[in-house]
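Here the structure is a predicted model, which means the values were calculated and not measured. For this chain, numbers begin at 1 and follow the sequence in order.
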Amino acid sequence: MLIKLIILILMAAFFLFEVYKHLLSARQRKLSLPRNVRDIYDDQKYQTWSAYSTETNRVDLTERGVQFALTFLLLLFNVHARLSGILPQGMWANSILLVVADMLIAVPIGVYFAWVQQMRVEEKYGFNRSTKKTFITDQIKQVIIGLVLMTSILCLYILFYEMLGLWGFILLFAALAVIITLITTFSMQLSKLFNKYEPLPEGELRSRLEALFEKHGYTLRHIYVMDASKRTSKVNAYCTGLGKNKEISLYDNLVANYTPDEITAVFAHELAHFHFRDTMMLNLANMLTFLPMIALLLVMSVVPAFCQAFGFTGMHYGMVYILMGHLMQAVLIPVRAPVMAHMRACEYRADAFAVQNGYGEALVSALKRLCKDNLADLNPHPLIVTLEHSHPTLSQRIAAVSALMAEK
Ligand SMILES: [Zn+2]
């Protein structure tokens, strides 16, 4: 009983912390903005931003509340053990079906709130370009990818632990490292399931981008324009590829509305991430987050009391895996904070690289426009930045870039 109590209290504490963060953000929105970002939104736009983030936060918090209540009740009333009793009894089938059932129970809630966010909130503020059909096919693809990924990891866990006992966890860690590397390497191919990619036509932008990459010894294999405007009016761009061969993808919204100078400034920043091997370090940091996951699986596999606390007669692979999933978010908070601090340091260095390449002013101008077009939070609460933000705030970045340009 004690184990059950501790797990439920931990989950409740995590949820209350989420509520607390939402309250902090709500209070932060009432404060005046830092001086160097006041020119980004005029009064009317700032009101729009404030209303947009209030609504987005409300949807997010409501969804978390509903998901939390559901999970809490399922665990409190040992529903998983009852469900496991009805499902086919083989070890493999029972574990896999229990995990799939646990995921599917939450799917309607996730889809409903994604719908509210995309089709009501984003729609209301003019971001949404997604049709009902695109939205539904996206959701179905996401659920299938999620199910395949989660059940594959579950199968590896069962297989390795059955074969090798405790040593199996080292193999599991290695397998997860390979999976995450494959996903990041082939993220473009994955994204092609959702979007169309066209090559960027010849012209000023193309030659500038090529010149920038060649100057630092990289070759651009492909420059793609992605049809993001089918779903959103927001803008983004990214750079992928191993070694010296790079691929660039630009949202069509970016190509249509930003100057070649601004776009090249953004890519000078992205190139710096490769140049300083930030991307590789990020992959390593992501792998570190698997350690608490492995530790949770290990402890709960060895101590059957964890599953017994929720109505099972002994250790049950599916239940261990489900509990791990629910505990991960809380366990990850202290693991993520130092990773985020490192990532913010990388962002400053990448901005500095753009300044050194002569794109300081264009970068500031691009960052301001990106923030404005994405209705970004100009003044997030410092605690939330410390714990969760991979990027410094816009105000911090502009201050750093301005300081570097003043030095020159
Ligand atoms: Zn960056």
- side-chain contact (heavy atoms from CB on, under 4.5 Å) evaluation trace for N94 with H316: CA-CA 9 Å; N94 198 278; H316 184 281; 2.8 Å; yes

- Query: Could you walk me through whether F14 and I333 pass the side-chain contact (heavy atoms from CB on, under 4.5 Å) check?
  - Reply: CA-CA 9 Å; F14 177 75; I333 295 176; 3.6 Å; yes

- Message: For a salt bridge (Lys or Arg N to Asp or Glu O under 4.0 Å) check, start with the C-alpha distance between K21 and E18, then their side-chain angles and the critical distance, and finish with the verdict.
- Response: CA-CA 5 Å; K21 282 193 301 186; E18 289 299 318; 3.2 Å; yes

- Walk me through it: do D377 and W49 pass the test side-chain contact (heavy atoms from CB on, under 4.5 Å)? CA-CA 8 Å; D377 189 347; W49 170 78; 3.3 Å; yes

- Message: C307 vs V320, test: side-chain contact (heavy atoms from CB on, under 4.5 Å). Steps then yes/no.
- Response: CA-CA 7 Å; C307 291; V320 167; 3.6 Å; yes

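A salt bridge is absent between K230 and D252: the closest approach of a Lys/Arg side-chain nitrogen to an acidic carboxylate oxygen does not fall below 4.0 angstrom. A salt bridge does not link E123 with R120: none of the charged nitrogens is closer than 4.0 Å to a carboxylate oxygen. Salt bridge present: K124 and E55 bring a charged side-chain N and a carboxylate O closer than 4.0 Å.
Remark: R397 is not positioned above the aromatic ring of Y348, lacking an NZ or CZ atom under 6.0 angstrom from the ring centre and at most 45 degrees off the axis. The side-chain tip of R64 does not point at the ring of F15 from less than 6.0 angstrom away and within 45° of straight on. A cation-pi geometry, defined here as NZ or CZ lying under 6.0 Å from the six-membered ring centre and within 45° of its normal, holds between K141 and F194.
No donor-acceptor pair under 3.5 Å is formed between the side chain of D102 and the backbone N or O of L98. A donor-acceptor pair under 3.5 Å links the side-chain atoms of T181 to the main chain of A177, judged by distance alone. Side-chain atoms of E210 never come within 3.5 Å of backbone atoms of L220 as a donor-acceptor pair (strictly under, hydrogens ignored). Side-chain atoms of D227 do not come within 3.5 Å of backbone N or O of N195 as any donor-acceptor pair.
Side-chain N/O atoms of E122 and N128 include no donor and acceptor closer than 3.5 Å. Between the side chains of D278 and H342, no donor-acceptor pair is found at a separation under 3.5 Å. Counted by atom type alone, S53 and T56 present zero donor-acceptor pairs between their side chains at under 3.5 Å. A donor atom on one side chain and an acceptor atom on the other are not found under 3.5 Å apart for Y112 and E63. Checked by atom type, the side-chain pair S365/E262 shows a donor-acceptor distance below 3.5 Å. The closest side-chain donor-acceptor pair between S301 and Y157 falls under 3.5 angstrom.
Summarising the geometry of L200 relative to R206, their closest heavy-atom pair is O-NH1, 2.6 Å, with the distance given to 0.1 Å. Residues S390 and M343 approach most closely at CB-CE, 3.4 Å, considering heavy atoms. When every heavy atom of S95 is checked against every heavy atom of G318, the shortest pair comes out as OG-N, 3.4 Å. Residues T386 and M340 approach most closely at O-CB, 4.3 Å, considering heavy atoms. Here the shortest heavy-atom pairing between P108 and I105 reads CD-O, 3.3 Å. Shown here for I263 and V255, the closest heavy-atom pair between the two residues is CD1-CA, 4.0 Å.
Taking the six-membered ring wherever Trp is involved, the centroid distance between the rings of F160 and F169 does not fall below 6.0 Å. The aromatic ring centres of Y218 and F274 sit 6.0 Å or more apart. Centroid-to-centroid, the aromatic rings of F127 and Y52 come within less than 6.0 Å.
The aromatic rings of F173 and F290 stand perpendicular to each other, their planes meeting at an angle above 60°, with 30° marking the opposite boundary. Between H216 and H275, the ring planes are perpendicular. Angles over 60° get that label, and only those under 30° would be called parallel. Aromatic ring orientation, H269 versus H273: perpendicular (interplanar angle above 60°, classes split at 30° and 60°).
Under the side-chain contact (heavy atoms from CB on, under 4.5 Å) rule, L74 has a single partner from T71, N78, L70, L76, which is L70.
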